Number of protein chains: 2
Amino acid sequence: MLTPNVVSHTTVRRSNLATAPNPRTSARCSSCAMRHLCMPQGLATDDMPKLEALICSARSVRRGEALYRAGDPFDNLYAVRSGSLKTVMAHRDGREQVTGLRLAGDPLGLDGISTDTHSCTSIALEDSSVCIVPYAALKHMCRESGTMQDRLHRLMSEQLIRESSQMMVLGSLSADERVAAFLLDVSDRNGQRGYSHAEFNLRMTREDMGSYLGMTLETVSRTLSRFQKRGLIDAQGKLIRIIDLEGLRHL
Amino acid sequence: MLTPNVVSHTTVRRSNLATAPNPRTSARCSSCAMRHLCMPQGLATDDMPKLEALICSARSVRRGEALYRAGDPFDNLYAVRSGSLKTVMAHRDGREQVTGLRLAGDPLGLDGISTDTHSCTSIALEDSSVCIVPYAALKHMCRESGTMQDRLHRLMSEQLIRESSQMMVLGSLSADERVAAFLLDVSDRNGQRGYSHAEFNLRMTREDMGSYLGMTLETVSRTLSRFQKRGLIDAQGKLIRIIDLEGLRHL
DNA sequence: CGTGGCTTTGAAATGGGTCAAGATCCGTGG
DNA sequence: CCACGGATCTTGACCCATTTCAAAGCCACG
């Protein structure tokens, strides 16, 4: 069992297969929002103290619970502190589309800025905890610190790119390619967080994956099975081990 | 022939079927970037002069030309002044996906902020002109003016929502629904700009549309023909007239 | 240690893709 | 102003990747 520490950004590689740290432990988090919300890659530290002082209470969200729902008034941004969440957007007829998977360090809630109302729902895929960043305070801070401003802009821009890429996945790739792209993306992001590139616990269900990738859960399942037969991966339910990274890359 | 004026935000309804105003006319644009880049809906005017002074030279882009290409260094944001452009993202294997359609007033280039490099290519669908907004200057300004800062944030957030919605279209809707959603989106945006909700000239080719909607050009064509037979629209090539808006809404 | 949710797998059905042939549009040059 | 040629669009026929429907199995958790 891991200690309830926040993800460290050292180069230590360990797998994140253990269950999430107890989300109930802390009400305040010190360095997490800085590192995570305001750019995974450390960077300048001069105005970290400011942000830390300003921001950063924590909230825990149980598996299946919503951090916020579409339509909720928007006041805070969040940064995933531990665990993972999915963002979901609903069509008027009830159909739902998973629009994102957020891992430790990822920002949440940016979509709320434009209308002062959240436009998607964010649901924990496992017991998770997030840092709360009051948007008004952050905005204020961005006017004092250019570094801060820069980080926020980059964060939003990064998110834009991520979504464009997902549009590309949905619009142009075959089922096999989509699943491969997804596995590679998660592998990569896991690696960036100091976890294993090769092995991870996908907390999403096959249905969530399917929704995110624009296909049915059955097709996801079949595709994973096929990948397994071809020796590309080893999948035991939600536990995925990538065996042939290059193989996946070459589709 | 329309005068080379910039889109007005009055309630005047007119169609935009006429050819675009001559893009070569002006090297400087006064009020356009304000209104357009910094929120289509006018809003506070107190620091407009500042922005106008700061920003806002114009550039014209001929049909088919790129405003910027993926990989280009990022220095400026743009706001469409007249005409329209598509944004395109390329997969390494060469496949391309149209990721957006930008009409008058829409921002362009926000994706470049995160890496100081444009990550998609922006191509004019007709002779167009854009306002150039040097990002460094804008950033500076956002630190002086909260209104400005707010507008920029909202702009980016709006873009995020737009892309999420498109993910929903790509991931969850049938071909018919996609085409209908697209037509309704364009109709709506056209209306917001003071043009007709019912009639517009889609400058994209069927192939562009298909790419944007994750389907082939043939399917787009067939779908439009079917819509026409059902009396939902009247399509003469790129010229689209929506006859039964409600019908389209109900899929 | 049972029950409901999740996953796997099969078989059949189908929506949309692919390929191909014409028709139409449009910019260009004569 | 017209004729030409390439790009774009439409339509048909066939095909196949993915969905749909169905039936077990698995497992995680209370």
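Everything quoted here is computed from the prediction, not taken from an experiment. What you see below is based on every heavy atom in this structure, not just the backbone, and it leaves out hydrogens, waters and symmetry mates. Letters go in sequence order (proteins before strands), and every chain restarts at 1.
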- prompt: Of the nucleotides D:dC9, D:dT19, C:dG17, which has the atom closest to the B:Met215 side chain?
  reply: C:dG17

field: Nearest-angstrom distance from the residue atom CD of A:Glu207 to C1' of C:dG5
entry: 11 Å

- prompt: Starting at CG of B:Leu170 and ending at P of D:dT18, how long is that distance when rounded to a whole Å?
  reply: 16 Å

- request: Give one of base, sugar-phosphate or nothing for B:Ser221, where a contact means two heavy atoms less than 4.0 Å apart.
  value: base

message: Taking the nucleotide of DNA chain D with the nearest heavy atom to each, does B:Arg63 or B:Lys229 sit closer to the 5' end?
response: B:Arg63

query: Should the heavy atoms of other residues, nucleotides or ligands under 6.0 Å from CD of B:Glu218 be counted, would the total exceed 12?
result: yes

query: Starting at CG of A:Asp234 and ending at P of C:dT8, how long is that distance when rounded to a whole Å?
result: 12 Å

message: With each end axis built from five pairs of C1' atoms, what bend angle do you get for the helix from C:dC1-D:dG30 to C:dG30-D:dC1? Round to 10°.
response: 60°

Nucleotide D:dA22, atom P - distance to CG of A:Leu217 in whole Å: 15 Å

- prompt: If you check every side-chain atom of A:Glu218, which of C:dC6, D:dT20, C:dG16 has the closest atom?
  reply: D:dT20

query: Between A:Arg95 and B:Glu177, is the closest basic N to carboxylate O distance under 4.0 Å?
result: yes

query: Are A:Glu96 and A:Lys86 close enough for a salt bridge, meaning some N to O gap below 4.0 Å?
result: no

task: Please indicate whether B:Arg230 has more than 12 foreign heavy atoms, meaning atoms of other residues, nucleotides or ligands, lying under 6.0 Å from its CZ.
output: yes

field: Spacing of B:Leu213 atom CG relative to C:dG17 atom P, expressed in whole Å
entry: 11 Å

query: Tell me: CZ of A:Arg206 to C1' of C:dG5, nearest whole Å?
result: 14 Å

- prompt: Of all the choices, D:dT8, D:dT18, D:dT19, which nucleotide is nearest to the side chain of A:Ala175 once you look at every atom?
  reply: D:dT18

statement: Picking from D:dT8, C:dC6, C:dT8, the nucleotide nearest the side-chain atoms of A:Lys238 would be C:dC6

- line: Whole-Å distance, B:Leu239 CG to D:dC9 P, equals 13 Å

- prompt: Hey, mind stepping through A:Ile233 and A:Ile243 against side chain to side chain contact (heavy atoms under 4.5 Å, CB included) and telling me if it holds?
  reply: CA-CA 5 Å; A:Ile233 65 170; A:Ile243 295 171; 5.6 Å; no

query: So, A:Ser187 side chain and A:Ala198 main chain: donor-acceptor pair closer than 3.5 Å or not?
result: no

- request: Report yes if at least one side-chain N or O of A:Thr219 is closer than 4.0 Å to OP1 or OP2 of D:dT18; otherwise report no.
  value: no

query: If each of B:Ser174 and A:Ser225 is mapped to the nucleotide of DNA chain C with the nearest heavy atom, which maps nearer the 5' terminus, i.e. the 5' end?
result: A:Ser225

- request: For B:Arg193 and B:Ala104, indicate whether the former's side chain and the latter's backbone hold a donor-acceptor pair under 3.5 Å.
  value: yes

- prompt: For D:dT19, does OP1 or OP2 lie under 4.0 Å from any side-chain N or O of A:Thr216?
  reply: yes

- request: Tell me, with the steps shown, if A:Phe200 and A:Tyr195 meet ring-ring contact (aromatic ring centres under 6.0 Å, His included).
  value: CA-CA 8 Å; A:Phe200 42 84; A:Tyr195 294 125; over 10 Å; no

query: Rounded to whole angstrom units, what separation is found between the CG atom of A:Asn201 and the C1' atom of D:dC27?
result: 14 Å

message: Determine whether a donor-acceptor pair (one donor, one acceptor, N or O, separation below 3.5 Å) exists between the side chain of A:Arg222 and the base of C:dG10.
response: yes

